[in-house]
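Nothing here was measured: the structure is a model prediction, and the numbers come from that model. A note on names: the letters A, B, ... follow the listed sequences, proteins ahead of strands, and every chain is numbered from 1. Keep in mind that the numbers below use all heavy atoms, side chains included, and drop hydrogens, waters and symmetry copies.
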Amino acid sequence: MENEIRSLLGTALGELFGPEAAAVNLVLEVPRDRSHGDLATNVAMSLARTLKKPPRKIAEELVAHLEGQDTFLESITIAGPGFINFRIGSSIWHHSLADILKKKTAYGRTHAGEDFPVMVEYVSANPTGPLNVVNARAAAFGDTLVRLFDAAGYKVASEFYINDVGRQIDLLGESLLARYEQVQGRGEGQIPEDGYQGEYLIELAQELDAKEIDASLADKSDSEKRDIMSRHAVEKLRAWQEKDLKAYGTQFDRWFYQHELYPQGVEDTFKLLQEKGLVEERDGAQWFRATQFGDDQDRVLIRANGDPTYFLADLAYHTSKESRGIKRSIDIWGPDHHGYIERMQSAMEALGFGRDWLEVLIVQQVNLLSDGKQVKMSKRKGEFITLQDLIEEVGKDAARFFFLQRRAESHLDFDLDLAKKENDENPVFYVKYAHARISGVIRKATEQGVSESQDADLSLLKEAPELALIKVLHRFPAIIASAAAQREPHRLTTYLREVAQAFHLFYHECRVISDNSDLTSARLALCRASQIVVSNGLSLMDISAPERM
RNA sequence: GCGCCCGUAGCUCAGCUGGAUAGAGCGCUUGCCUCCGGAGCAAGAGGUCACAGGUUCGAAUCCUGUCGGGCGUACCA
């Protein structure tokens with residue numbers, strides 16, 4: 001119906017003030033204060049300057065013009081400095097309700113994204129240890145964003161990029177080798193100074209098949225031994241991460257190994273930049289002229305020792321995405337990588353993708369609070385709260401909901417004690433409770449032999465809380481579309497709280513199961529529609545919608 | 001030094017491409033169950049939107065500067 005009003009307004013503007021006025025960017029929004037109507041536009045104010053007329057005068061002419069027509073609008077009023085407020089007739093809302101009941105699990109899905117191919121790359125944690133809480137936040141954010149894109153009609157793919165090449169991985173191999181020697185009782189294993197001290201490597205070393213490992217290590221050089229152990233460590237730890245993520249509800253279309261880019265992808269990308277004249281040698285290394293694209297310094301592609309940098313591999317990786325048809329790569333990075341954005345976008349421009357082809361979202365840090373005190377984490381020393389710990393501690397649903405209540409870039413205080421509480425202090429229960437309550441009413445009705453009816457007379461829903469609830473439910477597809485377009489999954493939690501609130505108010509004011517069987521049918525239909533929205537919304541976040549609790 | 005993020009109620013945070021009297025949850029005060037789930041509903045107290053300028057019909061929102069907090073500034077990844 002927004003579109004209908006849009007076209008009504010557009011036509012009226014053209015007829016009254018000419019094509020220039022009709023071309024204005026029409027802003028139509030739901031007023032914060034519901035007494036202002038269902039939708040409002042500020043068009044009279046924004047045209048005041050070009051038309052050289054006072055806004056209220058423009059509004060008056062516009063309204064007079066619209067009122068001469070037969071529309072579905074119940075009223076059109078002018079308010080404040082020149083807002084035009086529209087009130088929509090209740091029959092339209094009843095149609096909207098019928099639409100929800102018809103679409104069921106598909107309600108909320110739109111084609112807003114027009115099949116635009118995007119890729120969301122997220123978590124991408126180093127395979128050097130278990131996942132931490134920032135990874136958990138990024139995972140909830142990323143997989144919800146992926147589902148939002150899907151629901152909003154984008155063509156979306158998801159990937160986890162595994163940094164299985166480089167010095168960190170060498171250190172990991174050396175660390176595991178040392179642990180292995182220790183576990184085998186040879187005692188000569190010494191973890192490198194800046195190696196990985198975490199106890200999980202002991203566990204991992206114990207799981208290794210000694211016979212097989214000893215055979216594969218025999219007669220090998222130190223670096224070969226290290227590489228063998230690196231491969232074991234990466235595969236074990238990666239599988240471990242995948243298992244934890246799956247338990248958390250996060251899955252990827254593909255796990256992309258950095259080593260898949262060697263040597264071909266890396267060489268090709270390097271040559272391409274070279275052909276464009278964007279590479280120069282300095283101090284024995286090969287540098288990308290990033291400063292030509294706005295970066296504050298040039299960046300090394302190939303080190304003096306001949307090894308490609310992580311940066312070059314990352315360029316090859318993004319080239320791979322582009323050649324697979326991705327039109328927009330949305331990378332979700334941790335807070336320690338924001339200094340890397342400019343460099344990457346400069347390179348994307350150099351490669352001809354355009355700087356905006358790569359969109360980076362930074363998921364900010366998480367402060368875990370317990371007993372009001374901050375829980376400190378250090379990956380190297382192996383002291384941290386892992387994703388697994390978190391799920392065990394507060395549960396998957398609570399963890400997800402907490403992460404998804406906040407914007408990605410806001411620093412998050414995560415109160416473990418609060419998330420653990422199974423009472424009304426914990427916001428996740430409010431929405432789940434609404435779902436359980438709705439389910440309970442529908443169940444009760446069925447038990448009493450009052451079943452739902454396909455042809456319930458929805459026009460019987462005339463009470464203020466009933467219409468208010470329908471209006472909230474009606475916004476769901478727009479919420480999904482805007483959450484996807486703005487990359488802001490937190491709009492979903494905010495919205496679902498609104499839905500729950502509107503439902504609770506309706507429930508409190510309007511008795512569903514009564515002697516009036518027609519009204520009972522209509523209200524049961526409204527309950528069902530509410531259940532559909534809450535359930536669809538929670539499932540976008542992979543949070544359960546319980547029938548009872 | 002330079003760059004990025006953040007600064008909104010006692011606490012944790014929303015505030016949609018600038019819009020009408022700045023909101024929610026928790027906490028605090030007070031009402032509401034003979035009746036479909038009270039894990040609920042209603043009412044109240046609580047604000048110089050860090051500060052100062054600017055842009056305009058209109059700024060929490062955009063621009064500049066200042067002050068706080070965090071992070072980053074590698075031939076690490």
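- A donor-acceptor contact under 3.5 Å is not formed by the side chain of A/His504 with the base of B/rC41.
- For A/Glu409, taking side-chain heavy atoms from C-beta onward, the closest of the listed nucleotides B/rA14, B/rA42, B/rC6 is B/rC6.
- Rounded to the nearest Å, the gap between the P atom of B/rG7 and that of B/rC49 is 14 Å.
- A/Cys527 comes within 4.0 angstrom of no nucleic acid atom, judged by non-hydrogen atoms across all strands.
- Contact between the side-chain N/O atoms of A/Gln486 and the OP1/OP2 oxygens of B/rU17 is found at a separation under 4.0 Å.
- Using a 30° and 60° split on the angle between ring planes, A/Phe256 and A/Tyr317 fall in the tilted class, from 30° to 60°.
- Listed nucleotides: B/rU56, B/rC41, B/rC76. Nearest to the side chain of A/His508: B/rC41.
- A salt bridge between A/Lys420 and A/Glu393 is present, with a side-chain N of the basic residue lying under 4.0 Å from a carboxylate O of the acidic one.
- At a threshold of 4.0 Å, the pair A/Glu159-A/Lys321 does not count as salt-bridged, since none of the basic side-chain nitrogens sits closer than that to a carboxylate oxygen.
- Residues A/Asp331 and A/His318 have side chains that bring a donor and an acceptor to within less than 3.5 angstrom of each other.
- Ion pairing of A/Lys57 with A/Glu61 is present here, as a side-chain N (NZ or NE/NH1/NH2) and a carboxylate O approach within less than 4.0 Å.
- If you check B/rC4, B/rC75, B/rC36 against the side chain of A/Val300, the one that comes closest is B/rC75.
- By the 30° and 60° cut-offs, the orientation of the rings of A/His337 relative to A/Tyr340 is perpendicular.
- Aromatic ring centres of A/Tyr430 and A/Tyr433: separated by at least 6.0 Å.
- Atoms CD (A/Glu498) and C1' (B/rA14) sit 10 Å apart, rounded to a whole Å.
- Contact annotation for A/Ala48: no contact, since no heavy-atom pair falls under 4.0 Å across all strands.
- For the pair A/Asp164 and A/Arg238, the salt-bridge criterion is not met [side-chain N within less than 4.0 Å of a carboxylate O].
- Using a 4.0 Å cut-off between charged nitrogen and carboxylate oxygen, A/Arg167 and A/Asp307 do not count as a salt-bridge pair.
- Atom pair A/Tyr507:OH and B/rG37:C1' shows a separation of 5 Å (rounding to whole Å applied).
- Taking only side-chain atoms of A/Arg491, from C-beta outward, the nucleotide of B/rC13, B/rG70, B/rU17 with the closest atom is B/rU17.
- Nearest heavy-atom pair across A/Gln531 and A/Ile438 is CB-CG2, 3.6 Å.
- An OP1 or OP2 oxygen of B/rC76 is reached within less than 4.0 angstrom by a side-chain nitrogen or oxygen of A/Arg303.
- The P atoms of B/rG69 and B/rG25 are separated by 32 Å, rounded to the nearest whole Å.
- With B/rA39, B/rG70, B/rC35 as the choices, the nucleotide that has an atom nearest any side-chain atom of A/His338 turns out to be B/rG70.
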Distances for protein N or O near nucleotides 18-24 of chain B N or O, under 3.5 Å:
unit_1: B/rG19; atom_1: N7; unit_2: A/Asn42; atom_2: ND2; d: 2.6
unit_1: B/rG19; atom_1: O6; unit_2: A/Asn42; atom_2: ND2; d: 3.2
unit_1: B/rA20; atom_1: OP1; unit_2: A/Arg32; atom_2: NH2; d: 3.2
unit_1: B/rA20; atom_1: OP2; unit_2: A/Arg32; atom_2: NH2; d: 2.1
unit_1: B/rA20; atom_1: N6; unit_2: A/Asn85; atom_2: OD1; d: 2.8
unit_1: B/rA20; atom_1: N1; unit_2: A/Asn85; atom_2: OD1; d: 3.2
unit_1: B/rA20; atom_1: N1; unit_2: A/Asn85; atom_2: ND2; d: 3.2

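- Rounded to a whole angstrom, the distance from the P atom of B/rA59 to that of B/rC13 is 28 Å.
- In terms of polar N and O atoms assigned as donor or acceptor, the side chain of A/His337 never comes within less than 3.5 Å of the base of B/rG72 in a complementary pairing.
- Here A/Glu281 lies out of heavy-atom contact (under 4.0 Å) with every strand.
- Proximity note for A/Arg443 (side chain, C-beta onward) versus B/rC5, B/rC6, B/rG37: the nearest is B/rG37.
- In this structure, A/Arg406 does not reach the B/rU12 phosphate: none of its side-chain N or O atoms is under 4.0 Å from OP1 or OP2.
- When the C1' atom is used for both B/rU56 and B/rA74, the distance is 47 Å, rounded to whole Å.
- Every residue two or more places apart in sequence or in another chain that forms a ring-ring contact (aromatic ring centres under 6.0 Å, His included) with A/Phe414 is listed here: A/Phe402, A/Phe403.
- For the C1' atoms, the distance from B/rA60 to B/rC16 is 14 Å, rounded to whole Å.
- Within 4.0 Å (heavy atoms only), A/Tyr430 reaches sugar-phosphate atoms of the nucleic acid but no base atom.
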Give RNA chain B the dot-bracket treatment, 5' to 3': Watson-Crick (N1-N3 with N6-O4 or O6-N4) or G-U (N1-O2, O6-N3) under 3.5 Å, [ ] crossing, | other strand. (((((((..((((.....[...)))).(((((.......))))).....(((((..]....))))))))))))....
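- Across B/rU30 and B/rU61, the matching C1' atoms stand 36 Å from one another, rounded to whole Å.
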